[in-house]
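Following: one structure in C-alpha cells, then a few remarks.
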Amino acid sequence: MPPELIPIQIAVEPSGNARPLLHEVAELLKRLLETGEPSTIDLSALPLNPADLDWLQTRLGEGEVSCQVQANGESTLDETACRGVWWVTHRNERGSVVAQFIEVAFVPELLKAHPQDIEAGREQLEVLISEL
Amino acid sequence: MTATLERGLHALKEVIDAPIASYFSSCVHCGLCAEACLFYTETGDPRYTPIHKLEPLRRVYEQEYTLLGRLKKGLGLSKPVTDAELDAWQDLVYDSCTMCGRCSLVCPVGNDIVYMVRKLREGMAASGHVPDGIRNATRRTVEIGGPMGLKWPAVANVIRKVEEATGLKVPVDQAGADYLVLLSSMEIVNYPEYIEALAKIFHKAGISFTVASDAFEATNAGIQIGNSDLAKVIVSRIVDAAERLKVKRVLSPECGHAYMAIRWEGPNLIGRPYAFEVVHVLELLDELRGKGMLKMKSKIKDPLILHDPCQIVRRGGVLQAPEPLIQEVAERYIPIADKQKWNWCCGGGGGASAIHTEEAEALRAKAFQVKKRQIESTGVNTMVTFCANCRIVIEEGFDHYQMDTRLLGLTELLAEHLEE
Amino acid sequence: MQGPLIDTLVRQGIGRRTFLKYCATLASMMALPPAAGRAMADALAAARRPSVIWLPFQECTGCTESMTRSHSPTIEGMIFDMISLDYHETLMAAAGQQAEEALHAAMKENSGKYLLIVDGSIPLGIDGAYSCIAGRTNVDLLKEAAAGAAAIVAMGTCAAFGGIPKAKPNPTGAVAVSDIVKDKPIVNVPGCPPIPVVMTGVLAHYLTFGSLPELDDKLRPTAFYGETIHDRCYRRPFYDQGKFAKTFDDEGARKGWCLFELGCKGPVTHNACATTKWNGGTSWPVESGHGCLGCSEPDFWDAGGFYKALSMPADPLKMGAAAAVAGAAAGVAVSFANRGKKRAAQVTHETTTLADLEK
Amino acid sequence: MDALELLTWARGPGLNIALGIFVLGVVWRLIEIYSLGRRTDLAPARQHAGASGLHTVLRRSVPPPGMLRSSPVSYIGGFVFHIGLALIVFLFAPHILLIRDLTGLSWPALPSQFIDMVTVVTLVAMVVVLVDRINKPAKRFLSTFGDWFTWAVTFLPVLTGWMAVQHLLLPYTLMLALHILSVELLLVVLPFTKLIHAFTLFGSRWYAGRINAHKGVPV
C-alpha cells in the first residue's frame, strides 16, 4: 500500500504560541530600520505545531518577491506582505523541509553572492572573453 | 482485696472492643475534639484535649490487642502503663471530663470519645485512681442507698410534707401501679418542689404511681466512678423493686446521669432486658401534652432560655420533648445558639460535681465561663433546665460569677402553671 | 593534511550557498542560535580535515549503515569529505596486513590529534577473547588507540552503554567505552542506530569550535539528547488529554493518539528523533505508528518489554491475591489470640466490692 | 543502578512488593480491629437503627455548627487536600491507566492541566495544614513522630509526581522513579500508621452512628 493511503491524519489546533512571535518580528523590523542589523528566527527551535506555522504564514501574507535557490535541495525565500520579513524554507533533495526561518533583512543572507564566488565568476568570464 | 494496677489493666482488657480499636486506629490527631471541650476552650490547656485523656487506654489497646503492639511489648520496646501514669491521668479522666459527649459529636473520623472515657474509667476505678469525692458518693450509694447518705425515714418525711402541701397522696410500695417513680437525693434535699409537681401532674392525668421504699434513689455513682459491678448493685435495687411491684413503667427523674444509668446502661449491667419500660419524666410530660392532658392556666411573661442537660439530650436522646414543653409555659422562649445536642455542659456532669478539691472546683468555675457567655449572649436572665445536678452546678456558677440569672426546673414550672 | 575544506567542496561543485544552507540547517538542528550557522560556515570553510580512526567492536554495522546509507548523500557525504577517514574496516578498500599498517600509520602520524570513533561494545569475558581483530582483543585495541586520541566518540548504544551485547545475561561481559577509557574526553552518541545528523553535528562542532559540544551526565550532546522523545512528540497533546491507542489497529491508533499504553518509552528516552526524524526527515517510529523502544538509553533491552506501558507493574494481581490471603491469615490469627485473651480476662473477672475502690 | 533501572525496579518488583504489603497489611489490620466485636446493647432502642451508620458516615464529612469558624484551617485545608488527593489519585489519566491495568476498571480522566492546578492547590493546602499543626496548641501537643512522618509520606508522592510531570529539578526518569517509590513507601506504611483511617474512618463513623442512634441521637 502506498504510504499516502495510510489514513493517519493528525488534526492539530493552533497552540497560540505564534501570536507573541508577531510582536517579536515587529521589534526586529524596528531594529533593522534603526541599526541596519538583520536578524533570523529559527522556527524549528520554537514550540510551534503545523497549525501554528500555517497561522503565522497566513498572517504575514504573501509579498512581491519570491526566490528559489537550488542548493542541495530547493530553498525558497519569499518576502511576506510585510516587506523586509522573509519566510525561508530549506528543503533537502527529497523535498522534505529541513529547516524554516523568518529572516528580517533587506535581502536574505543566502541570496547574496560571496566575493570569492564573484571573483571566481569574473575569472571565468575573463577566460570566456579571451576565448572569443 | 484492694485496687491495683493489675486489676486496672485487667479491667481495661475486658472492656476493649471493636469500636475502641476502630476509634484509636482512626484518630489522626487533628485536635478538633479540643474545640468541642469546655475544659480546653476555657483554659486553652492542650492537656484537656479529649483524645489525649484516653492515652493509657490507647496504649493498653495497642499493647494487648494488636500484633505489632504485642511484638513491641514482647521485645520490650513499648512503654508500659504504670500506676504513676494513671495517677497523673486521674484529673484528666474525672476532674476535666464531664462525659458530656460534645467531643464525640465533632470528631471528623467519627470517634465516640465519651464511649471510650466510660471504658477507661473501669480501669481507673479498678486501679484505684479515682477522686475521693466520687469514691465516697459511690460508697454511700452502695452502703446507705444514696450518694448523699439519705435514708428512707428522711425521704418518707419529705413525702409526708409533699402530701401536706399538695393535699395529694403519694403511694409507697404500692404493687400494680402504672409508674414507679424514682428520685434523686438532690431533688429530695434541694428541690422537693419537684415531687410536689409530679404528684400534681399524675393526679391530674389520672395515672397511678408509687414510690419504692427500698429503691427511691435513681442516681448511680457506680456509673460515674466507672465500675460496672457496683453500678449493677445499685441498678439492681430498682429493677428488683420495679419487677416486684409489677409496674409498667419506671419514671426516671430529671437528673441526667440517673437517666443514663437506668435507661441505657441498666439492662447491659444486669445482662438482660427489663420486664418494664423506662421513661424520662420529660418524655412522660410530652406524652401527656400530646394527649391534651397538660393544660396550663397561665404562661410566664419573662423570656426564657433552656439549658439541655447532656445526659438527657445529647447522650440520652430526649431531643424533641423539651422545647414543646417549655413553649407550653413560656410566652417568650428564646432558643440559644448551641442548643439541643449541641449544648454546652454545665461543667459538673459525669461525677465532676462530686469532686471537691480546690483544683477541681477552680477548674469547674473556669469551665463555667462558656455557660456564662452563652447566657449573656441572649440577654435573658431566666434559664430553665431539667437536671438536678446541672441545677446545682449552675447555681454554683451563678454564685461564683455573681450573676443574677434565675434558674428554674422545667417539671416544677409546668406543675406550677398547671390548670387546677 | 590538505587545504581548507571549502576548496575541496568547491572543487566538487558544491557552492557556498549550499554550504551556508547546510550550516544553517545544522545549527538549527543543534539548537544553536541562527547566527551560529554563519559562524559555523566561516569556521568550517577554513577548517582542515582531521584524521579520524573508526574502530568496530561487538557491533552489527548498523551504525555505519545509518551513517552512510543516508538518503541525502551530499549532507552526510560532506562530512566524510570534511574528515580524513584513515581506518574503517567496513568502508576501507584495504584488508589484512595493509589495513593494520594503515591504522598504525595513522595513529603514529596524527598521535594526540586524531578523533577516535568506536562502534560496538567491548567484551571483557574470558580475557576479551570473544572479539579479536588481527589476533588482538578489542579491549587491547581500544586502549592503544585511545592513548593517542584527542577525543573519542562512542557511536551507537553498544559503544556508549554496552547495548544489546550487554543485555542480560551479558554472556560476553560486554562494557561501554567509558567503562574502559577514563582519561580522554568521550562523547556518547547512543541510538540503535544513532541519528546521522547527530554524528555530523558533533563533528561539525568539533571542527568549528575546536571543542566537544556540551554534554549531559551520560556524556551525550545536550543539543540532541537534552529532551525526551515525549517532550517534543507531536502526539504529546493526546497524552495530555488522556487519549491513548489501546491496540495497534483500533480507532485511537488510526486517529494517531498517544502510544504510551502500547509501550512507548518516549517519556524516558532522551533523543532527537521527534525533531530530526529519520531518512532525511521522512518519518520516525512514533509517526509510523509504533512506540519508541528507548534505544538510546542504557539497558533499554532489559527495561521491561517494548510493549509494556511504562507505568504498569509486572504482575500485581497474583501478588495482591497472595497478600490478601496472607493478610487474612495474619488477621485471623491475631483475632483468635485477641478473643482468647479477652475471654480469659472476662472469665477471670473478679467482682469488685466497695473495698476494692481503695488503693 | 541508574535512573532507568531504578524506575524499572520501582514500577515492577517494587510496586508488587509495596502493593503486596499494602493489601496484606490492610486485610490483617481490618480483621485485627473488627474481630474484637462488641456486645449487643440490651437496652431497648429508642428507634430502629436503620441507616444510621451510613448517615453518620456521610454527616461527619460536613463541619458541625460553629466548628468551621473555630478551626477554619483544619476544615478547609483538610477538605482541599483530601479532595485534591482523591482527584489526583483517581482522575489523573496515567493513574487511571495503572488502575485499569491492575483491575481492568477504567473511567474518564480529568484534563491534565486541571489536575496540575489541583496538585498545586493540594500541595499548598498540605503545607498550610502542617503549619497549622505547628501553630495550634492542641494539635502540636498531640503530635508525635507518626504525625510528622505520615505528613511527609503523603506529601512526597504529590510533590514528586508534580515535579515529574513538570520536569523540575531532576530528569523525568529519575523523578518518575522517585514518585513511584514514594507512593510505594506510602502504601507500605499506610496499614501500620494513622493513615489506616482511610479505611477505619468508615467503621468508626458507622459505630458512632449506630451506638448513638440506638438512643435516638443522630450524631
Side-chain angles (χ1 to χ4, degrees), chain C residues 161 216-218 226-228 230-231 237-244 246 258 260-261 265-270 294 297-300 302-305 308-339 341-342, chain D residues 2-5 7-37 91-98 100-104 106 108-113 115-116 164-165 167 171-174 176-177 179-180 184 191:
Chain C
F161 303 131
D216 69 6
D217 60 332
K218 293 196 177 77
E227 282 172 326
T228 63
H230 190 61
D231 290 330
F238 294 117
Y239 173 86
D240 292 337
Q241 292 160 28
K243 290 178 175 168
F244 298 95
K246 318 276 178 188
C258 178
F260 181 86
E261 286 192 47
K265 302 294 180 289
V268 296
T269 304
H270 294 78
E297 292 294 326
D299 303 319
F300 77 96
D302 293 319
K308 188 150 273 176
L310 270 177
S311 54
M312 312 218 168
D315 187 12
L317 275 193
K318 212 191 279 172
M319 181 74 93
V325 171
V332 168
V334 187
S335 107
F336 267 104
N338 279 350
R339 294 171 84 99
K341 183 183 260 188
K342 192 171 167 182
Chain D
D2 68 13
L4 194 63
E5 281 171 331
L7 177 63
T8 310
W9 186 86
R11 65 166 187 253
L15 190 53
N16 273 349
I17 294 167
L19 272 173
I21 295 177
F22 171 74
V23 171
L24 182 146
V26 168
V27 171
W28 147 22
R29 290 283 287 131
L30 291 182
I31 294 177
E32 179 179 275
I33 291 165
Y34 293 103
S35 68
L36 274 171
L91 292 174
F92 183 42
H95 296 164
I96 296 174
L97 289 179
L98 178 74
R100 199 198 63 183
D101 233 50
L102 285 171
T103 63
S106 176
L110 284 175
S112 298
Q113 290 87 340
I115 291 292
D116 193 64
V165 171
H167 292 246
Y172 179 81
T173 314
L174 184 57
L176 183 64
H179 172 59
I180 296 174
E184 285 162 7

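No hydrogens, no waters, no symmetry mates; every other heavy atom, side chains included, goes into these values. Below, chain A is the first sequence line, B the second, and so on; all start at residue 1.
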For the atom pair [atom1] ([X]) and [atom2] ([Y]), what is the distance rounded to the nearest 0.5 Å?
X	Y	atom1	atom2	result
C:Lys246	D:Ser106	NZ	OG	5.5 Å
D:Ile31	C:Asn338	CD1	CG	12.0 Å
D:His167	C:Asp231	NE2	CG	4.5 Å

D:Phe92: ring-ring contact (aromatic ring centres under 6.0 Å, His included) partners, not counting sequence neighbours: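 D:Phe92: ring-ring contact (aromatic ring centres under 6.0 Å, His included) contacts with D:His95.
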
Test ring-ring contact (aromatic ring centres under 6.0 Å, His included) applied to C:His270 - qualifying residues, sequence neighbours left out: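 Partners of C:His270 under the ring-ring contact (aromatic ring centres under 6.0 Å, His included) test: none.
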
Among D:Leu24, D:Val165, D:Ile21, D:Leu110, residue most engaged with chain C (heavy-atom pairs, under 4.5 Å): D:Leu24

Residue, of D:Ala109, D:Pro171, D:Pro108, D:Gly20, that accumulates the most heavy atom pairs under 4.5 Å with chain C: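 Most pairs with chain C among the choices: D:Gly20.
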
Exam field: side chain C:Arg339 to backbone D:Leu36, donor-acceptor pair closer than 3.5 Å: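 No.
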
Closest approach of C:Pro267 to D:Tyr172 (non-hydrogen atoms, all atoms of both residues): O-CD2, 2.9 Å

Region of C:Phe336 in contact with chain D, defined by heavy-atom distances below 4.5 Å: neither

